[in-house]
Amino acid sequence: MEKRAVGAEGLRVSALGLGCMGMSEFYGTGEEPESIATIHRALELGINFLDTADMYGPFTNEKLVGKAIADRRSEVVIATKFGNERNPDGSWVGINGRPEYVHSACDASLERLGVDHIDLYYQHRVDAEVPIEETVGAMTELVQSGKVKFLGLSEAGPDTIRRAHAVHPIRALQTEYSLFSRECEKDVLPTVRSLGIAFVAYSPLGRGFLSGQITSIDDLAPDDRRRSFPRFQEENFDANLKLVSRIQEIAAEKSVTAGQLAIAWVLAQGDDIVPIPGTKRRNYLEENAGAVDVEVTAQDRARIDEVMPPGAAAGERYPDMSSVDR
């Protein structure tokens, strides 16, 4: 498995990471034994970059990841996040970037993960009520105390990224990026590249749509959060399904799956980009891992741009876009 640098100062991770969110919540019911087996299989395949967050579950996903890596901590790079505050019953509190919360959230994550440090600690969403300098100042104290090695942001806008980076080096920005979601190419991706910040691409499969496995809304469990997302709504679903069929045609010509081509396309956008497709099953993990061996030629990229140009996907990424690109 190829390794890619996450910013400067020696942090290197597998070119493909593993998003662990769906193992605990949002995408139907998870199964802990299979999820742990999936994490272990990822490590066997050379995928050492595991992504979680305190809000997933809530709180249970970090415990699951901690359990899976308890006897193999040295093999993994753990990324987790704070800032989307929830109650134990799952109810929403709000976005919280207050310095005192940064410290308490980190301590709680360390305990749930069962580790003495977090490799990459993200602010999950930017708190519009707290200056980014104050939040990153508190995150810097975590680095100084040895609780965190490197800092990241998620779904932050260019100005916020620059201001944060001026307080302490930001090593990674995590934002949605896929054939369905290319908005970051305009301002965000150029900004992080100008600062030497790596780009961690979540949902490179368009929340599973680009895998070609979702052909009807009925393919999603009744409690699957995607049912509420605009791109999965009736007025947009059919239009997006047609886009996926075009990607499937190109993938078939290359003897790969649509999902592998979609992930390979993200990988091909630059060696400073690390996609983190999520899955809770080993068979899908193995399929996703095959994307690292898929060559995306200049001709492929031109054809993909022709059938699925930027902005082609119908519907917004989230029902409420107010918390992204701040």
Side-chain angles (χ1 to χ4, degrees), residues 5-9 11 19 21 51-55 79-86 92-106 109 118-144 147-178 181-204 266 269-270 272-276 310 316-326:
V6 178
E9 296 186 10
L11 179 60
M21 179 188 77
D51 184 87
T52 181
D54 57 5
M55 74 162 286
T80 192
K81 317 175 199 68
F82 75 92
N84 280 328
E85 188 178 2
R86 297 174 70 187
W92 175 251
V93 177
I95 297 174
N96 193 341
R98 296 192 301 273
E100 61 273 18
Y101 180 73
V102 174
H103 284 275
S104 63
C106 180
S109 287
I118 295 164
D119 297 300
L120 180 58
Y121 199 41
Y122 296 99
Q123 182 182 17
H124 206 162
R125 291 292 185 271
V126 176
D127 188 341
E129 304 301 320
V130 178
I132 191 63
E133 290 82 1
E134 294 184 15
T135 302
V136 176
M139 294 170 73
T140 300
E141 292 170 354
L142 298 176
V143 175
Q144 293 169 343
K147 295 179 180 180
V148 169
K149 284 193 173 182
F150 301 99
L151 304 183
L153 301 175
S154 180
E155 291 287 4
D159 181 61
T160 300
I161 295 167
R162 294 188 190 96
R163 288 166 54 198
H165 194 65
V167 175
H168 187 279
I170 301 298
R171 293 305 171 206
L173 175 79
Q174 183 178 136
T175 291
E176 186 170 354
Y177 189 28
S178 71
S181 302
R182 298 178 60 176
E183 302 88 347
C184 63
E185 293 176 346
K186 181 179 179 182
D187 297 314
V188 173
L189 192 51
T191 298
V192 297
R193 282 180 164 157
S194 71
L195 297 172
I197 298 171
F199 190 104
V200 176
Y202 75 83
S203 294
V266 176
Q269 302 311 301
D272 56 348
I273 297 177
V274 180
I276 52 168
E316 293 281 8
R317 297 195 281 131
Y318 288 100
D320 180 1
M321 293 287 289
S322 63
S323 66
V324 305
D325 199 26
R326 281 183 173 172

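Note that this is a predicted model, so its numbers are computed, not measured.
- In this structure, T191 OG1 and I161 CD1 are separated by 5.5 Å, a value rounded to the nearest 0.5 Å.
- Nearest heavy atoms, P158 versus V188: CD-CG2, 4.1 Å.
- Remark: the backbone N or O of G83 is not paired with any side-chain donor or acceptor of H124 at under 3.5 angstrom.
- Closest non-hydrogen pair, A201 versus V266, comes out as CB-CG1, 3.9 Å.
- Taking every heavy atom of both residues into account, E155 and T175 meet most closely at N-OG1, 3.4 Å.
- Contact detail for A5 and A198: the closest heavy-atom pair is O-CB, 3.9 Å.
- The NZ atom of K149 sits 12.0 Å away from the CD1 atom of I118 when rounded to the nearest 0.5 Å.
- The local environment of CD in E129 is sparse, with at most 12 non-hydrogen atoms from other residues, nucleotides or ligands closer than 6.0 Å.
- At least one donor-acceptor pair closer than 3.5 Å links the side chain of K81 to the backbone N or O of T52.
- At least one donor-acceptor pair closer than 3.5 Å links the side chain of S104 to the backbone N or O of Y101.
- For the atom pair CD (Q123) and CD1 (I132), the distance works out to 4.0 Å, reported to the nearest 0.5 Å.
- Here the CG atom belonging to L173 is positioned 8.5 Å from the SG atom belonging to C184, to the nearest 0.5 angstrom.
- The pair R98-D127 does not count as a salt bridge, with every side-chain nitrogen at least 4.0 angstrom from each carboxylate oxygen.
- Here the closest heavy-atom approach between residue T160 and residue A156 is recorded as CG2-CB, 4.1 Å.
- Counting non-hydrogen atoms of neighbouring residues, nucleotides and ligands closer than 6.0 angstrom, the CD atom of E185 exceeds 12 such neighbours.
- Contact annotation: the side chain of V324 never approaches that of E176 to less than 4.5 Å [non-hydrogen atoms, C-beta and beyond].
- With hydrogens and angles ignored, the 3.5 Å screen pairs a side-chain donor or acceptor of R326 with a backbone N or O of V126.
- In this structure, OG1 on T80 lies 10.0 Å from OH on Y122, to the nearest 0.5 angstrom.
- The aromatic rings of F199 and Y177 sit perpendicular, their planes meeting at an angle over 60°, well past the 30° parallel limit.
- Two residues are said to be in side-chain contact when any heavy atoms from C-beta on lie closer than 4.5 Å; Q269 and L189 fail this criterion.
- One finds the OG atom of S154 at 5.5 Å from the OH atom of Y202 (value rounded to the nearest 0.5 Å).
- With contacts defined as side-chain heavy-atom distances shorter than 4.5 Å, the pair M55/R125 does not qualify.
- Using a 4.5 Å heavy-atom threshold, the side chains of F82 and N96 count as separate.
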Please tabulate, one pair per line, all N/O donor-acceptor pairs under 3.5 Å involving side-chain atoms of residues 134-144, not counting sequence neighbours.
unit_1 : atom_1 : unit_2 : atom_2 : d
T135   : OG1    : G97    : O      : 2.6
T140   : OG1    : V136   : O      : 2.8
E141   : OE1    : H103   : NE2    : 2.7

